[in-house]
Amino acid sequence: METQSSARLYIVNGRSALEWLIYMYQVKTDKDSGIINDPNLYSDDPRYVVDLIKRGTYVALDTVKLVEALPALEEVTPNCGGHACGLAK
């Protein structure tokens, strides 16, 4: 499986890990308070965002590998004696 395709299989709040990082790490100003949230100020390391993307990609790829290695889920249908399970006869 391709790295790019595999990384996109890992979803965070409806987005791929990379899409989520791009969405979250934007300079934003809170409308009510006027407070500016600038992720570029989170670290003095100029590689901070690049390394964060690298770590996020590794987490996404490793998670996809782990999930793909899991055994198939065997669903069991409960025997409820002809009536709806959990309800009185």
Side-chain angles (χ1 to χ4, degrees):
M1 196 181 302
E2 257 181 40
T3 300
Q4 184 179 20
S5 298
S6 295
R8 289 184 183 191
L9 292 174
Y10 182 74
I11 303 298
V12 179
N13 292 332
R15 295 180 166 94
S16 73
L18 180 58
E19 290 168 337
W20 183 84
L21 283 169
I22 291 169
Y23 172 75
M24 293 303 294
Y25 283 86
Q26 297 178 37
V27 177
K28 299 175 190 170
T29 303
D30 183 77
K31 292 177 185 174
D32 296 330
S33 68
I35 294 173
I36 297 172
N37 179 13
D38 185 349
N40 297 309
L41 302 177
Y42 292 173
S43 174
D44 292 331
D45 181 1
R47 291 190 43 88
Y48 174 73
V49 175
V50 173
D51 290 339
L52 184 63
I53 291 169
K54 180 180 173 182
R55 288 192 307 270
T57 302
Y58 278 118
V59 168
L61 291 172
D62 287 347
T63 301
V64 169
K65 286 179 191 174
L66 286 170
V67 170
E68 288 177 345
L70 291 172
L73 179 64
E74 294 182 32
E75 294 186 41
V76 178
T77 305
N79 182 357
C80 298
H83 65 278
C85 291
L87 301 177
K89 291 183 182 179

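In this text the structure is predicted, and so the values were computed from the model without any measurement.
- Under a 3.5 Å cut-off, the side chain of Gln26 and the backbone N or O of Tyr23 do form a donor-acceptor pair.
- Here the closest heavy-atom approach between residue Ala17 and residue Gly56 is recorded as CB-O, 4.2 Å.
- We find the CD-CD1 distance between Glu19 and Ile11 to be 7.0 Å, quoted to the nearest 0.5 Å.
- With sequence neighbours excluded, no residue forms a side-chain hydrogen bond (donor to acceptor under 3.5 Å, both in side chains) with Asp62.
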### Worked verdict on Leu18 versus Ile53 for side-chain contact (heavy atoms from CB on, under 4.5 Å)
CA-CA 7 Å; Leu18 180 58; Ile53 291 169; 3.8 Å; yes

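- Put simply, CG on Leu52 and CG on Asp45 are 11.0 Å apart, with the number rounded to the nearest 0.5 Å.
- A 4.5 Å side-chain heavy-atom check between Val64 and Glu68 finds at least one atom pair inside the cut-off.
- Looking at Ile36 and Val27, their side chains come closer than 4.5 Å, going by heavy atoms from C-beta outward.
- Residue pairs meeting the salt bridge (charged side-chain N to carboxylate O under 4.0 Å, His left out) criterion with at least one partner in residues 20-32, sequence neighbours excluded, do not occur; the list is empty.
- Under the 4.5 Å side-chain heavy-atom criterion for Ile, Leu, Val, Met, Phe, Trp and Tyr, Tyr58 and Trp20 are members of distinct hydrophobic clusters.
- Test Leu66, Val59, Leu61 against Thr63 for side-chain contact (heavy atoms from CB on, under 4.5 Å) and you get one pass: Val59.
- Tyr48 meets the side-chain hydrogen bond (donor to acceptor under 3.5 Å, both in side chains) test with no other residue; sequence neighbours excluded.
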### Residues Val50, Lys54; criterion side-chain contact (heavy atoms from CB on, under 4.5 Å); working and verdict
CA-CA 6 Å; Val50 173; Lys54 180 180 173 182; 5.8 Å; no

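- The shortest distance between side-chain heavy atoms of Asn37 and Tyr42 falls below 4.5 Å.
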